[in-house]
Amino acid sequence: MSAGGARLGRVPWTSAGPVSAEQRALIDTIAARWGQAGLGVSPVDGAGRLTGPFDLMAASPAVGAAVLALAGSFRDGLLTPAEREVAILVVADLEDSPYMRAGHEPLLRSTGVDAAATTGPCAVVREVALELCRTGDLADGTFRRAVDELGWPRLQEVVWLVGHYRSLATAQRVARIPDPTAQEGGTR
């Protein structure tokens, strides 16, 4: 629970005060596993508190651990790092998630691929992610092109990835997670 009424956006800042043993275990896992992930936003601030969606996960550690595990599973999936980051950044842009954008832009840059790729698999991933975010479905033509270019298993992974990151964006929007680039230290 949040000490002294500290807030992250409009929600209690879970990792800013005393936490349960389950919350502490998840906080430590996040710091260890995601602190070195190369994200453009640290999951832990200078005061040792979790930032953004990571703190939201700590509020309910059983669910938070599952959310974290699903996010981590995409690292070991079939999509290339560039394809994965293109899809995440489409979600970040369309869902207006500045924390997600700040966290994932450096990961895409490190692949050498532009988010606006117009050819190849990244372009197909971008098209699929855009259509999923805008309509919640894929038109038959988009589906066929994606299966032809990516194969069914990789297309299915894009669908799960987009859905997962849309849920993360929703949680951040409801909590009013601040834009980490708009303030010193990335959190308030």
Side-chain angles (χ1 to χ4, degrees), residues 1-79 81 84-85 87-107 129 132-133 136 156-188:
M1 299 302 255
S2 172
R7 301 190 80 67
L8 179 61
R10 71 175 181 180
V11 299
W13 204 330
T14 301
S15 60
V19 294
S20 70
E22 294 82 10
Q23 288 170 320
R24 172 54 49 206
L26 183 59
I27 290 166
D28 292 345
T29 297
I30 290 168
R33 177 131 195 247
W34 294 86
Q36 304 302 315
L39 294 170
V41 178
S42 176
V44 182
D45 71 8
R49 303 170 297 194
L50 294 178
T51 64
F54 297 101
D55 192 77
L56 301 179
M57 292 175 206
S60 175
V63 173
V67 170
L68 190 66
L70 181 55
S73 71
F74 290 107
R75 290 182 184 174
D76 300 324
L78 301 171
L79 298 174
R84 183 178 64 239
E85 296 308 321
I88 293 169
L89 286 170
V90 166
V91 173
D93 286 341
L94 293 179
E95 296 287 339
D96 192 26
S97 181
Y99 190 99
M100 189 181 298
R101 188 178 308 109
H104 287 272
E105 282 176 341
L107 295 174
L132 285 171
C133 286
Q156 187 61 23
E157 197 167 297
V158 174
V159 172
W160 287 112
L161 179 67
V162 167
H164 180 61
Y165 276 83
R166 286 186 80 189
S167 70
L168 287 169
T170 299
Q172 291 174 74
R173 187 173 36 259
V174 167
R176 304 293 191 269
I177 296 300
D179 181 344
T181 64
Q183 46 206 292
E184 188 173 311
T187 55
R188 59 174 160 180

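The model shown is predicted, which means the values in this text are computed figures rather than measured ones. Nothing fancy with the numbering, it's 1 onward along the sequence.
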If we only count heavy atoms from C-beta on, is the [X] to [Y] side-chain gap below 4.5 Å?
| X | Y | result |
| --- | --- | --- |
| Ile177 | Leu56 | yes |
| Phe74 | His164 | yes |
| Arg166 | Cys133 | yes |
| Leu107 | Pro81 | no |
| Arg49 | Val44 | no |
| Leu8 | Pro178 | yes |
| Tyr99 | Val41 | yes |
| Leu168 | Met57 | yes |

Main-chain N/O of Ser15 paired with Asp55 side-chain donor or acceptor, under 3.5 Å |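 Such a contact is found between Asp55 side chain and Ser15 backbone.
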Donor-acceptor pair, Gln172 side chain versus Pro53 backbone, under 3.5 Å?
-> no
Which pairs, with at least one residue in residues 28-37 and sequence neighbours excluded, count as a salt bridge (Lys or Arg N to Asp or Glu O under 4.0 Å)?
->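 Salt bridge (Lys or Arg N to Asp or Glu O under 4.0 Å) check on residues 28-37 returns Arg24-Asp28.
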State which residues pass salt bridge (Lys or Arg N to Asp or Glu O under 4.0 Å) with Glu105; sequence neighbours excluded, sorted by chain then number.
->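 Counting only residues at least two positions away or on another chain, Glu105 forms no salt bridge (Lys or Arg N to Asp or Glu O under 4.0 Å).
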Please name all residues satisfying salt bridge (Lys or Arg N to Asp or Glu O under 4.0 Å) with Arg101, sequence neighbours left out, ordered by chain then number.
->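 With sequence neighbours excluded, Arg101 shows a salt bridge (Lys or Arg N to Asp or Glu O under 4.0 Å) to Asp93, Asp96, given in chain and number order.
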Taking atom types as modelled and ignoring hydrogens, do the side chains of Asp45 and Thr51 form a donor-acceptor contact shorter than 3.5 angstrom?
->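 Side chains of Asp45 and Thr51: no pair found under 3.5 Å.
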Can you tell me how far apart [atom1] ([X]) and [atom2] ([Y]) are? Round to the nearest 0.5 Å.
| X | Y | atom1 | atom2 | result |
| --- | --- | --- | --- | --- |
| Ile27 | Gln23 | CD1 | CD | 6.0 Å |
| Leu50 | Leu26 | CG | CG | 7.5 Å |
| Glu95 | Tyr165 | CD | OH | 14.0 Å |

Which atom pair, heavy atoms only, marks the closest approach of [X] to [Y]?
| X | Y | value |
| --- | --- | --- |
| Pro106 | Gly40 | CG-CA, 3.4 Å |
| Leu161 | Arg84 | CD2-O, 3.6 Å |
| Ser97 | Ala169 | CB-CB, 4.2 Å |

Aromatic rings Trp34 and Phe54: how do their planes relate, parallel, tilted or perpendicular, breaks at 30° and 60°?
->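 Answer is tilted, since the angle falls between 30° and 60°.
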